Amino acid sequence: MGRVYKAEFRHEAVRLALSSSLSRERIAQDLGIGSSTLKTWIRDAQKLDTVVADTTDHTALSRENGGR
């Protein structure tokens with residue numbers, strides 16, 4: 001089994017990868033993780049953001065429609 005990283009570390013790695021001008025390969029190297037690991041974390045975070053955004057949109061729409 002591979003190494004387990006804390007959620008805070010994964011979150012910060014994704015934030016750096018999406019906001020930095022450095023390449024994702026360089027960020028992964030600097031953090032001591034594989035570039036494929038970082039790529040997976042980014043993909044998973046983007047999926048989660050989509051799910052959260054979809055849920056939020058439906059909730060707002062429901063409120064606009066009087067809770068129906």
Side-chain angles (χ1 to χ4, degrees):
M1 181 175 202
R3 185 168 175 193
V4 177
Y5 296 92
K6 291 185 177 186
E8 294 84 11
F9 180 83
R10 294 190 308 265
H11 176 76
E12 183 63 13
V14 169
R15 188 193 66 75
L16 284 171
L18 296 177
S19 65
S20 175
S21 62
L22 296 173
S23 71
R24 291 180 181 176
E25 289 79 16
R26 177 59 190 250
I27 291 169
Q29 181 182 15
D30 289 349
L31 294 174
I33 61 174
S35 58
S36 62
T37 298
L38 181 57
K39 182 178 179 180
T40 299
W41 292 351
I42 292 167
R43 185 189 68 230
D44 292 347
Q46 289 171 334
K47 285 181 184 176
L48 181 59
D49 285 347
T50 300
V51 171
V52 170
D54 285 348
T55 302
T56 302
D57 291 344
H58 292 296
T59 303
L61 183 59
S62 178
R63 272 186 259 148
E64 288 177 15
N65 290 328
R68 293 182 215 148

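Residues take their numbers from the sequence shown, with the count starting at 1. These figures come from a predicted structure and were not determined experimentally.
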**Study point:** Test log, rule side-chain contact (heavy atoms from CB on, under 4.5 Å), inputs Leu18 and Arg24
**Key:** CA-CA 8 Å; Leu18 296 177; Arg24 291 180 181 176; 3.5 Å; yes
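Taking all atoms of both residues into account, the shortest heavy-atom contact from Val14 to Ala45 is CG1-CB, 3.9 Å.
When the side-chain hydrogen bond (donor to acceptor under 3.5 Å, both in side chains) test is applied to Glu12, the partners found at least two apart in sequence or on another chain are Arg15. Not a single side-chain hydrogen bond (donor to acceptor under 3.5 Å, both in side chains) links Asp44 to another residue, sequence neighbours left out.
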List, one per line, each side-chain donor-acceptor pair under 3.5 Å for residues 30-43, sequence neighbours excluded.
| unit_1 | atom_1 | unit_2 | atom_2 | d |
| --- | --- | --- | --- | --- |
| Asp30 | OD1 | Arg26 | NE | 2.9 |
| Asp30 | OD2 | Arg26 | NE | 3.2 |
| Thr40 | OG1 | Ser36 | O | 2.9 |

